[in-house]
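We count ligands from 1, going down the list as the structure has it; atoms in each ligand are counted the same way.
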Amino acid sequence: MTWQERYSGHLVNAFGLPRLELVRGSGSQVWDSEGRVYLDLLGGIAVNSLGHAHPAVVDAVHTQLTTLGHVSNFFTSEPQIQLAERLGALVGHPTKVFFSNSGTEANEAALKLTRLTGRTHVVATEGAFHGRTMGALSLTHKPAYREPFEPLPGEVTFVPYGDADALAAAVTDETAAVVLEPIQGEAGVLVPPAGYLAAARQATSDHGALLWLDEVQTGIGRTGAWFAHQLPWADGVVPDVVTLAKGLGGGMPIGATLALGSAAELFQPGNHGTTFGGNPVSCAAALAVLSTIESEGLLEHATTVGAQLRAGLEEHPQVVSTSGAGLLVGVDLGADISAAVTAAAQAAGFIVNNPTPSRLRLAPALTLTRQEAQDFVDAWPTILEAAGVSS
Ligand SMILES: *Cc1c(COP(=O)(O)O)cnc(C)c1O
């Protein structure tokens, strides 16, 4: 039997049929079960921040697992405390952390935290993606994701992303929080206009509401800064809540809900919990990711290589524009051809992603080399041609 038949026979059809069966990865390369090699420009959806099988992550996980693997939150461990300290230092403001295992869980914890303000209304944005569990889904905009599961919990107002006036108009004295992705990832890497985050900070402060930034995709160096809200165009905005996951564990599952300032005191014993969250192995992996980003200068590297990629891809006349920051890159193809381009890229040995019909997303390892970026740029005209684009 083929892997496709075995998969279809035994896994629910939530994802459709996977594109490939992968067997091995090293750096930014992955191999499939037919022995073909690909340059991985998706990184497990912005997760493999140091690429595949990075020795720092492998060693940290191995050492921690052979020392102390899991203890539950009746106990703590040095990696858990250290990771919380490190994340707080990177945020640069007094911060307390709740650890979980995924982005949706980080957001679920944040949503519960907003309820502890005594308010229930949340403002979210059109195009937003915050996860698939019921609470996070209530803040996710896409009708196809929501409708089969309605009614969803909560009182949520959606406003157009990037429209500061619409956002300000939706926030009232009853609003618990505004939740925003600093750059919308699943919507196709959409960067808001300058001043948008500052306007959101102003609107929330004016009404005593929390500003919650979902940095599940944009956090941990992805954009060339530790957090997207620390990029120059974010105007030094200080949020109340930041959620993280994807790149944090370098491939190990971990989520984190960061609460800053007075928001850090909202959770009290009994309000929330998790069995696996904050386990020593995932925390040790995350510590290895943070120290490697620092020691290898990967923030700067992501900025440089991201700019190189974008400049190279933009040279083709089919590309209307590129977007993003660092190594979170969106490509506007100007027509509904992203599925064909993704398939042609794969046939040419490159893994990319098509979050919308007309846009590609690249979220490779922060360790992607200049040469690897150049290999994709060099193949780009041929890929577009194979996808039916004439130049
Ligand atoms: C991926 C993502 C999530 C959900 O994370 P999971 O780990 O898939 O649950 C939430 N928010 C944003 C911005 C994301 O990109």
Ion pair Lys142/Glu186, N-O distance below 4.0 Å: no
How does Glu105 reach ligand 1, by side chain, by backbone, by both or by neither, if only non-hydrogen atoms under 4.0 Å count? neither
Is the shortest distance from a Lys or Arg side-chain nitrogen in Arg86 or Glu294 to a carboxylate oxygen in the other one below 4.0 Å? yes
Ignoring hydrogens, tell whether any protein atom lies closer than 4.0 Å to atom 15 (O) of ligand 1; use the non-hydrogen atoms only. yes
Are Thr274 and Phe99 side-chain neighbours, meaning at least one heavy-atom pair lies under 4.5 Å? no
Should Asp40 and Gln29 count as side-chain neighbours, where that means a heavy-atom distance under 4.5 Å? no
Does atom NE2 of His70 have more than 12 heavy-atom neighbours from other groups under 6.0 Å away? yes
Distance-only N or O hit between ligand 1 and Ala245, under 3.5 Å: no
Specify side chain, backbone, both or neither for Asn107, according to which of its non-hydrogen atoms lie closer than 4.0 Å to ligand 1. side chain
What are the atoms of ligand 1, with element, lying closer than 4.0 Å to any heavy atom of Thr104? 4 (C), 5 (O), 6 (P), 9 (O)
Where ligand 1 meets Asp214 - atom numbers and elements under 4.0 angstrom, heavy-atom basis: 10 (C), 11 (N), 12 (C), 13 (C)
Ion pair check, Glu215 and Arg222, cut-off under 4.0 Å: no
N/O to N/O below 3.5 Å, does that happen between Gly103 and ligand 1? yes
Going by heavy atoms in the side chains, are Ile183 and Leu328 under 4.5 Å from each other? yes
Of the backbone atoms (N, CA, C, O) and the side-chain heavy atoms from C-beta on, which set of Glu181 has a member under 4.0 Å from an atom of ligand 1: side chain, backbone, both, or neither? side chain
What atoms of ligand 1 come closer than 4.0 angstrom to any heavy atom of Lys246? 1 (C), 2 (C), 3 (C), 14 (C), 15 (O)
